[in-house]
Amino acid sequence: MNNIFQIKKILKEALSQAAKSIEPSLVDVENQIAIEIPRDVNHGDFASNLPLLLSKQLKESPTAIAAKIKSHLTLPLLPDTQITPMGGFINFKISNELLAESLFVALKLNQNYGKTDLLNGEKVLLEFVSANPTGPLNVVNARAAALGDCLSNLLEAAGAIITKEYYINDAGVQSKLFAESIRSAIRRSQGIKADAPEGGYQGNYIDDLANEIIQSEGIKEFDIQELSKIGIDIMVKWHKQSLEKYGVYFNSWFSEYEELHRTGKIDQVILLLKQLNYTYQLDEACWFEAKKFGAEKDEVLIKKDTNPSYFAADIAYHVDKFNRGYTKLIDIWGPDHHGHINRLKLALLALKLPVENFNVLIAQQVNLLNLGLKIKMSKREGNFITMDELLNEVGKDAARFSFIMRGSNSHLDFDIELVKKQTMENPVYYLQYAHARICSLLKKVNDKDLPRKFENFLIPQTIEVEERNLLKAILEFPYWIYDAAIFYEPHRLVNFLHKVSAEYHSFYSKYRILDASSESMKFRIILSSGIEIILKNGLHLLGISAPEQM
RNA sequence: GCGCCUGUAGCUCAGUUGGAUAGAGCAACUGCCUUCUAAGCAGUGGGUCGACGGUUCAACUCCGUCCAGGCGCACCA
């Protein structure tokens, strides 16, 4: 059985052998050889740049070297592979029989096709959304949620063990301000004149919150501490509900107050930094000497009011993540936090933790547009668009897809009216339609038309280019999952699935399937089944439904 | 002022950790439904990849300097 990773490995080793037999003194060729999947089908299924690499060392032209390599190259494990030197590259075209193997594997593994164990059970903590529990989730949270959830699926499919965690920011002065804002709302609901506190929270949701509290607790004079806890609990419940509607579920909800403040873990971390001599006292505050690690300025760990800063809590939080046994930490933050990345890494560095295993992705800002006009949003005035509203407007699949189809670093323009209005032309439907088309086709197939054992089915002697491209897509599928996972870029898989859908649509319009010749028909049916599997599995990894009819 | 992100077709964005002729969707224009789903297919037009240098056999990709836009730079989180 040959999968794409094995084929690449075989090619690499064979090339390296050939290079060494040409010039035994060559060292470290294996690591320099790149085996890539060419964009242009005329360049074969795989290509290597080895001749170009050796050209300088061997003082010969790349084309001469390519010819030499070809004469020294043997591929017993990949029979009937065409080797074509071409302008400094060596192109490989594997046999149709070999290609078809991946189709049979896909049919056999079905919903498990595409999964690998390449990440070898690595324990990953993926923290995302983690919105302040003082207001509803917004569109950037929606973007982070889609990204995080999808990334988690991909990493899992590539063999990692993922914990999805939501950090509840339930300590600090904001939660007090939040409680005071609720108290004012409760009073207002009783007809008592009460404005929101200075810099406090406004918006309809505060009144909704007040009403819910009155319903469950009755009317009384609340202690601010108590009210803060009640309010945050409800807010977190709302967040959870919004996320579930969006298809995003967390394994762990981590309370800053309970897990870090009350357990003394923050104090411990500060003490550790003190013992390492990276702190000093100034203006009644305790500072971390970030400058010693190249930062522009030092950072406060303990504030004048004796409470730990957000920074101190975050250090303790990430130390705790490592202590819980995770070997890789991934955080997805909003664009307004990017300035925080460096100082947190410096603190972890000071504590001698493996900073290289800590990665922060930024879910960049989302400009909401309404038919090309930018919607002004202000949290202060409570007129921002929430994640719930977005979901109600455009639906789960279109919303998730719109975020996932682009890199997380791009500053996204999201035109609500466009996504809503053009639902028929939205790219998400293009993929789903390809899937639905195949399902509808397969429903019409009689059992007698299907070969009983796929493994023994021989593919036709000659096949169309379009058919070959589809076989190749099935072969490549696991690679693109792995690729998207390790680069933390789900949109790479989206691009691949879009390409596959296009190839299938094209194939479907050009050729008859059900009333083709008997041999062709059987092949086209099982080929379509294979494509159905990768589209279905791919869409599921993206957290998008794969409808059987549309 | 310093830092991060972004700059690719009219618009929104891809571009496989430096590869071969820079791609897709939308918008515009031409064709294609008595036959498996036209939410589709086939095709046309549209680009000095922000600018200028540098490294390399090879640069949209890496480095440097600028230009433009966005966002950060609290004892807020």
Side-chain angles (χ1 to χ4, degrees), chain A residues 34 36-40 42-43 47 49 51-53 55-56 61-62 86-89 91 130-132 134 169 171-175 177 199 256 282-287 295-297 299-305 307-311 313-314 334-342 362 364-365 367 369 372 405-415 418 422-430 432-434 436-445 476 479-480 483-484 486-487 489 491-492 494-496 498-499 501-502 505-516 524 528 549-550:
Chain A
E36 60 180 24
I37 301 168
R39 296 171 215 274
D40 188 338
N42 296 320
H43 297 145
N49 59 350
L52 287 165
L53 287 176
S55 166
K56 201 168 194 178
S61 78
M86 208 172 175
F89 291 87
N91 298 334
S130 301
N132 289 341
T134 52
N169 212 283
V173 301
Q174 289 303 319
S175 53
L177 201 55
E256 177 188 351
L282 180 72
D283 297 335
E284 298 168 59
C286 175
W287 295 74
E296 286 231 337
K297 57 185 180 63
E299 302 288 345
V300 168
L301 291 170
I302 303 175
K303 299 186 282 186
K304 211 183 259 180
D305 65 8
N307 288 315
S309 65
Y310 160 79
F311 177 54
D314 223 19
D336 49 340
H337 283 62
H338 71 252
H340 181 59
I341 299 172
N342 195 244
I362 296 296
Q364 271 296 349
Q365 66 188 87
N367 296 320
L369 306 176
M405 69 188 287
R406 306 300 186 200
S408 61
N409 267 337
S410 66
H411 301 213
L412 205 61
D413 278 5
F414 193 106
D415 197 316
L418 231 57
Q422 301 187 339
T423 49
M424 296 311 169
E425 286 137 45
N426 194 306
V428 69
Y429 295 95
Y430 188 77
Q432 291 180 324
Y433 185 52
R437 257 186 160 175
I438 300 175
C439 289
S440 149
L441 189 71
L442 295 177
K443 271 181 202 150
K444 294 188 164 64
V445 173
E476 286 180 24
Y479 168 80
W480 290 107
D483 180 73
I486 60 166
F487 286 100
E489 291 188 345
H491 74 271
R492 294 187 185 213
V494 176
N495 290 338
F496 171 74
H498 188 274
K499 199 184 112 198
S501 302
H505 283 310
S506 176
F507 163 71
Y508 182 93
S509 344
K510 195 166 170 185
Y511 300 102
R512 302 297 304 172
I513 295 166
L514 296 183
D515 43 1
R524 286 174 185 172
S528 296
Q549 60 182 44
M550 289 173 76

(request) Kindly label the base of B/rC63 as syn or anti, based on whether its glycosidic torsion lies within 90° of 0. (result) anti
Kindly give the heavy-atom pair with the smallest separation between [X] and [Y], and that separation in Å.
{"X": "A/Ser410", "Y": "A/Gln364", "result": "O-CB, 3.3 Å"}
{"X": "A/Asp305", "Y": "A/Asn307", "result": "OD1-N, 2.9 Å"}
{"X": "A/Lys304", "Y": "A/Asp283", "result": "CE-O, 3.6 Å"}

(message) Using heavy-atom distances to pick each residue's nearest nucleotide on RNA chain B, tell me which of A/Leu282 and A/Pro62 is more 5'.
(response) A/Pro62
(request) Starting from the 5' end of RNA chain B, give me the residue, A/Gln365 or A/Tyr511, whose nearest nucleotide shows up first. (result) A/Tyr511
Give [X] one of three labels, base, sugar-phosphate or nothing, depending on what nucleic acid heavy atoms sit under 4.0 Å from its own.
{"X": "A/Gly88", "answer": "nothing"}
{"X": "A/Phe496", "answer": "nothing"}
{"X": "A/Phe311", "answer": "nothing"}
{"X": "A/His505", "answer": "sugar-phosphate"}
{"X": "A/His340", "answer": "nothing"}
{"X": "A/Asp283", "answer": "base"}
{"X": "A/Ala313", "answer": "nothing"}
{"X": "A/Ile362", "answer": "nothing"}
{"X": "A/Ser440", "answer": "base"}
{"X": "A/Lys499", "answer": "nothing"}
{"X": "A/Lys510", "answer": "nothing"}
{"X": "A/Gly172", "answer": "sugar-phosphate"}
{"X": "A/Asn495", "answer": "sugar-phosphate"}
{"X": "A/Met86", "answer": "base"}

[N] versus [M] - spacing of their [atom1] atoms, nearest Å:
{"N": "B/rA24", "M": "B/rU16", "atom1": "P", "result": "16 Å"}
{"N": "B/rC29", "M": "B/rU61", "atom1": "C1'", "result": "34 Å"}
{"N": "B/rG31", "M": "B/rC36", "atom1": "P", "result": "24 Å"}
{"N": "B/rG69", "M": "B/rA51", "atom1": "C1'", "result": "16 Å"}
{"N": "B/rC62", "M": "B/rG19", "atom1": "P", "result": "10 Å"}
{"N": "B/rU56", "M": "B/rC49", "atom1": "P", "result": "22 Å"}
{"N": "B/rG10", "M": "B/rG45", "atom1": "P", "result": "15 Å"}
{"N": "B/rC63", "M": "B/rG47", "atom1": "C1'", "result": "26 Å"}

(request) For side-chain contact (heavy atoms from CB on, under 4.5 Å), just list the numbers for A/His491 and A/Asn495, CA-CA rounded to whole Å, side-chain angles, deciding distance to a tenth of an Å, and then say yes or no. (result) CA-CA 6 Å; A/His491 74 271; A/Asn495 290 338; 3.8 Å; yes
Nucleotide nearest [X] (side chain, heavy atoms from C-beta), chosen from [options]:
{"X": "A/Leu441", "options": "B/rC36, B/rC4, B/rC57", "value": "B/rC36"}
{"X": "A/Tyr433", "options": "B/rG40, B/rC76, B/rG19", "value": "B/rG40"}
{"X": "A/Ala47", "options": "B/rC36, B/rA20, B/rG19", "value": "B/rA20"}
{"X": "A/His411", "options": "B/rG70, B/rC75, B/rA20", "value": "B/rG70"}
{"X": "A/Gln364", "options": "B/rC36, B/rC5, B/rA20", "value": "B/rC5"}
{"X": "A/His491", "options": "B/rA39, B/rU16, B/rG15", "value": "B/rG15"}
{"X": "A/Val300", "options": "B/rG40, B/rC75, B/rU16", "value": "B/rC75"}
{"X": "A/Asp413", "options": "B/rA38, B/rU12, B/rC36", "value": "B/rU12"}
{"X": "A/Gln549", "options": "B/rA14, B/rU37, B/rG19", "value": "B/rU37"}
{"X": "A/Pro38", "options": "B/rA20, B/rU6, B/rC36", "value": "B/rA20"}

(request) Return the orientation label for the A/Phe311 and A/His340 ring planes: parallel under 30°, perpendicular over 60°, tilted otherwise. (result) perpendicular
Rounded off to whole Å, could you give me the [atom1]-to-[atom2] distance for the [X] and [N] pair?
{"X": "A/Asn342", "N": "B/rC5", "atom1": "CG", "atom2": "C1'", "result": "15 Å"}
{"X": "A/Asp483", "N": "B/rG15", "atom1": "CG", "atom2": "C1'", "result": "12 Å"}
{"X": "A/Phe487", "N": "B/rU61", "atom1": "CZ", "atom2": "P", "result": "18 Å"}

(request) Mark this stacking check for A/His43 against B/rA20 as yes or no, applying ring centres under 5.5 Å and ring planes under 30°. (result) yes
(request) Identify whether a stacking contact exists between A/Phe89 and B/rA20, where the ring centres must be under 5.5 Å apart and the planes under 30° apart. (result) yes
(request) Apply side-chain contact (heavy atoms from CB on, under 4.5 Å) to the pair A/Ile513 and A/Phe507, showing each step before the final yes or no. (result) CA-CA 10 Å; A/Ile513 295 166; A/Phe507 163 71; 3.9 Å; yes
(request) For A/Ser130, enumerate each residue passing the side chain to side chain donor-acceptor pair (under 3.5 Å) test, keeping only those at least two apart in sequence or located in another chain. (result) A/Glu127
(request) Please map the stems of RNA chain B, keeping only stretches of three or more Watson-Crick or G-U wobble pairs with both distances under 3.5 angstrom. (result) B:1-7 with B:67-73, B:10-13 with B:23-26, B:28-32 with B:40-44, B:50-54 with B:62-66
